[in-house]
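As structure tokens, the structure follows; a few thoughts come after it.
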Amino acid sequence: MARVRYIGAEPVTVPELGSKTIQPDEVVEVPDGRFEGYLCQPQTWESVEEPKADLPPKKMTTAAKSATSKEG
């Protein structure tokens with residue numbers, strides 16, 4: 001999950017976050033897929049922690065392949 005800071009002047013209620021009331025200068029976690037939706041409101045939100053990049057799937061190592069080929 002990404003994190004953003006609310007920089008508005010007054011508390012707000014954010015339905016997307018379970019109708020939680022967010023206080024000025026409060027840092028909250030937001031779904032990675034919605035991070036840009038908060039940042040497109042620069043007068044209200046600022047980035048604290050960007051979404052984690054998706055890691056590529058692990059590939060089988062050559063050592064594992066060579067071990068299986070030596071058995072035969």
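Note that the numbering runs from 1 along the sequence shown for the chain.
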Arg34 meets the side-chain contact (heavy atoms from CB on, under 4.5 Å) criterion, sequence neighbours left out, with Glu16, Pro31, Tyr38
Using a 4.5 Å side-chain heavy-atom cut-off and chaining through intermediate ILVMFWY residues, the residues clustered with Val48 come out as Val27
Residue pairs meeting ring-ring contact (aromatic ring centres under 6.0 Å, His included), one or both in residues 7-36, sequence neighbours left out, come to none
Residue pairs passing the ring-ring contact (aromatic ring centres under 6.0 Å, His included) test with at least one member in residues 1-33, sequence neighbours excluded, are Tyr6-Trp45
request  = For residues Pro11 and Pro24, report the shortest heavy-atom separation together with the two atoms involved.
outcome  =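 Scanning both residues completely, I find the closest heavy atoms to be N-CD, 4.0 Å.
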**Asked** What heavy-atom pair brings Ser47 and Glu50 nearest, and what distance separates the two atoms?
**Response**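 In terms of heavy atoms, the two residues are closest at OG-CG, 3.8 Å.
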Of Val12, Val14, Thr13, which meets side-chain contact (heavy atoms from CB on, under 4.5 Å) against Thr21?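 Passing option: Thr13.
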With a 6.0 Å cut-off (strictly less than), is the heavy-atom count around CD of Glu10, excluding the residue itself, greater than 12? no
Hits for salt bridge (charged side-chain N to carboxylate O under 4.0 Å, His left out) against Glu46, two or more places apart or cross-chain, chain-then-number order -> Arg5
Note to self: Applying salt bridge (charged side-chain N to carboxylate O under 4.0 Å, His left out), can you list everything that pairs with Glu26, at least two apart in sequence or on another chain?
What the structure shows: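 Partners of Glu26 under the salt bridge (charged side-chain N to carboxylate O under 4.0 Å, His left out) test: Lys20.
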Can any side-chain N or O of Asp32 pair as donor or acceptor with the backbone N or O of Pro51 at less than 3.5 Å? no
Notebook entry, point to check: Say you draw a straight line from CD of Glu49 to CE of Met1; how long is it, rounded to the nearest 0.5 Å?
Noted result: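 Going from CD on Glu49 over to CE on Met1, the span is 11.0 Å.
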Here the gap from Ile7 atom CD1 to Asp25 atom CG, rounded to the nearest 0.5 Å, amounts to 9.5 Å
